[in-house]
*Asks:* 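This is the structure I want to talk about, given as structure tokens.
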Amino acid sequence: MVMYPMSDMQYQAVYNTLSFALASMMATTMYLWSRSTAVRDQFKSAVLISGLVTFIAAYHYIRIFNSWVEAYEYSAGKPDPELTGVPFNDAYRYMDWLLTVPLLLIEILLVMKLDEATYNVKSKTLGVGSALMIVSGYYGEPTVTGDLTPRWICWFVSMCFFLYIVFELLVGLKAAIESETDPTIKGKIQLAQVMTVISWCTYPVVYLFPMLGITASNAVVAIQIGYCVSDIISKCGVGLVIYQVTYAKSNKDGALLA
């Protein structure tokens, strides 16, 4: 990503937001993995994968945070940081999404009542669709000022795959949701779906910031903070809801067995 001079407030805003996102990912990972023993064996995979998602994200947030720190430095007597000449590598974020987004979809599928054939088909199509959504958006990400045509093109292409995934989550999997007889479990799965869709809707909005008149350093700050907030909701928030679903299903199955 092209870097611009930052005020102290702008630099610290991104610095603190990245730090908070990193802490959130690490804490959620520890919680989910430690609580995986509280659910029945058939639901452990969903909880472990949820923790894996935040673990992968935590690793990449360490790299993003370090890259941000290395891109600027403070000099004696100057209130604002200066560019070091070391480029800020935002590609770590896309590498993270390429790994975690398919896993996010899989963890949702794992808590639904799907036969093996349907699960295999849905996981493959959603996995490939999410990967294409991310790859198609990457090329335009570094362009935040000047000719934004490449960014517009990437946004439209990526949105096609995004809309397909949203359709599958809300419509294609509706039958599996309706097959849940327990209203509490059904509601939690629906909550996971809605949280995923709503949080994912923020990504294309953040991507649009430079096209909405937010330029240069303001665009970089807005994009970094926006993506951090979206990641916390879609990874930590949805992961915790997935755990609640598996815990509720485990208690229900345990009661039936008793």
Side-chain angles (χ1 to χ4, degrees), residues 1 17-33 36 44-68 88-112 119-142 154 157-162 164-166 168-169 192-193 195-204 206-207 223-224 226-243 246:
M1 179 174 287
T17 304
L18 288 172
S19 178
F20 180 77
L22 171 58
S24 298
M25 298 299 171
M26 294 174 68
T28 304
T29 298
M30 295 302 296
Y31 177 79
L32 291 173
W33 282 352
S36 63
K44 284 184 179 180
S45 294
V47 180
L48 292 173
I49 289 176
S50 297
L52 180 61
V53 166
T54 51
F55 176 79
I56 294 171
Y59 165 77
H60 285 104
Y61 265 101
I62 292 174
R63 303 302 299 269
I64 295 170
F65 180 84
N66 289 340
S67 183
W68 181 258
F88 173 58
N89 188 355
D90 204 36
Y92 290 128
R93 195 177 293 281
Y94 275 80
M95 295 304 100
D96 170 65
W97 291 339
L98 196 59
L99 293 170
T100 58
V101 171
L103 290 174
L104 277 167
L105 295 169
I106 288 175
E107 71 186 45
I108 294 175
L109 294 177
L110 283 172
V111 298
M112 292 184 173
Y119 170 79
N120 289 334
V121 171
K122 293 293 184 182
S123 60
K124 288 177 182 177
T125 55
L126 289 174
V128 172
S130 62
L132 291 173
M133 174 183 69
I134 294 162
V135 171
S136 60
Y138 174 69
Y139 177 75
E141 185 66 62
C154 291
V157 175
S158 185
M159 278 299 293
C160 292
F161 296 112
F162 171 79
Y164 165 74
I165 294 172
V166 170
E168 282 292 333
L169 280 176
Q193 285 180 299
M195 283 183 64
T196 300
V197 171
I198 292 177
S199 63
W200 281 20
C201 283
T202 62
Y203 289 100
V206 172
Y207 197 93
I223 288 171
Q224 292 306 313
Y227 283 154
C228 286
V229 173
S230 299
D231 277 349
I232 291 171
I233 297 172
S234 64
K235 293 180 172 66
C236 300
V238 173
L240 293 174
V241 172
I242 292 297
Y243 166 71
T246 59

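All values reported here derive from a predicted model rather than from experimental measurement. Throughout, numbering of the chain's residues begins at 1 and tracks the sequence.
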*Asks:* For Asn89 versus Ser67, what's the shortest heavy-atom pair and its separation?
*Replies:*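 Taking every non-hydrogen atom into account, N-OG, 2.8 Å.
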*Asks:* Report yes if the side chains of Leu103 and Ile56 come closer than 4.5 Å at any heavy-atom pair, otherwise no.
*Replies:*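 Of all side-chain heavy-atom pairs linking Ile56 with Leu103, at least one is under 4.5 Å.
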*Asks:* Tell me whether the count of non-hydrogen atoms from other residues, nucleotides or ligands lying under 6.0 Å of CE in Met26 goes above 12.
*Replies:*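 No.
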*Asks:* For the residue pair Tyr227 and Trp97, does the interplanar ring angle fall in the parallel (under 30°), tilted (30 to 60°) or perpendicular (over 60°) class?
*Replies:*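 Ring orientation of Tyr227 relative to Trp97: perpendicular.
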*Asks:* Is any side-chain heavy atom of Glu141 less than 4.5 Å from a side-chain heavy atom of Ile223?
*Replies:*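 Yes, close enough: below the 4.5 Å cut-off.
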*Asks:* On a heavy-atom basis, which atom in Leu52 and which in Trp33 lie closest, and how many Å separate them?
*Replies:*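 What the structure gives for the nearest pair is N-NE1, 3.6 Å.
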*Asks:* Under 3.5 Å, which donor-acceptor pairs link side chains of residues 125-134 to any protein atom two or more places apart or in another chain?
*Replies:*
{"unit_1": "Thr125", "atom_1": "OG1", "unit_2": "Val121", "atom_2": "O", "d": "3.0"}
{"unit_1": "Thr125", "atom_1": "OG1", "unit_2": "Lys122", "atom_2": "O", "d": "3.1"}
{"unit_1": "Ser130", "atom_1": "OG", "unit_2": "Leu126", "atom_2": "O", "d": "3.1"}
{"unit_1": "Ser130", "atom_1": "OG", "unit_2": "Gly127", "atom_2": "O", "d": "2.8"}

*Asks:* Can you tell me if OH on Tyr138 sees more than 12 non-hydrogen neighbours from other groups inside 6.0 Å?
*Replies:*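 Open.
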*Asks:* Using side-chain heavy atoms (C-beta onward) and a distance below 4.5 Å, is His60 in contact with Leu99?
*Replies:*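 Counting from C-beta outward, His60 and Leu99 do come under 4.5 Å.
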*Asks:* Between Ser158 and Tyr207, does any side-chain donor sit less than 3.5 Å from a side-chain acceptor?
*Replies:*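 Side chains of Ser158 and Tyr207: no pair found under 3.5 Å.
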*Asks:* Does some side-chain heavy atom of Ile108 sit less than 4.5 Å from a side-chain heavy atom of Thr196?
*Replies:*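 Side-chain contact under 4.5 Å: yes.
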*Asks:* Sequence neighbours left out, what passes salt bridge (charged side-chain N to carboxylate O under 4.0 Å, His left out) with Lys44? Give chain and number order.
*Replies:*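 Lys44: salt bridge (charged side-chain N to carboxylate O under 4.0 Å, His left out) contacts with Asp41.
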*Asks:* Could you tell me if Thr28 and Thr54 have a donor-acceptor pair between their side chains, going purely by distance under 3.5 Å?
*Replies:*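 Side chains of Thr54 and Thr28: no pair found under 3.5 Å.
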*Asks:* Closest heavy-atom contact between Phe55 and Thr29?
*Replies:*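 Where Phe55 meets Thr29 most closely, the heavy atoms are N-OG1, 3.0 Å.
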*Asks:* So do Ser136 and Phe161 actually touch side chain to side chain, heavy atoms under 4.5 Å?
*Replies:*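 Heavy-atom side-chain distance check passes, below 4.5 Å.
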*Asks:* Enter the distance from Leu240:CG to Met195:CE here, rounded to the nearest 0.5 Å.
*Replies:*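 Here the interatomic distance stands at 8.0 Å.
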*Asks:* Measure across Cys228 and Leu18 and return the closest heavy-atom pair with its distance rounded to 0.1 Å.
*Replies:*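 Minimum heavy-atom separation between Cys228 and Leu18: SG-CD2, 3.6 Å.
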*Asks:* Say whether Tyr61 and Asp231, considering side chains only, have a donor N or O and an acceptor N or O under 3.5 Å apart.
*Replies:*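 Short answer, yes.
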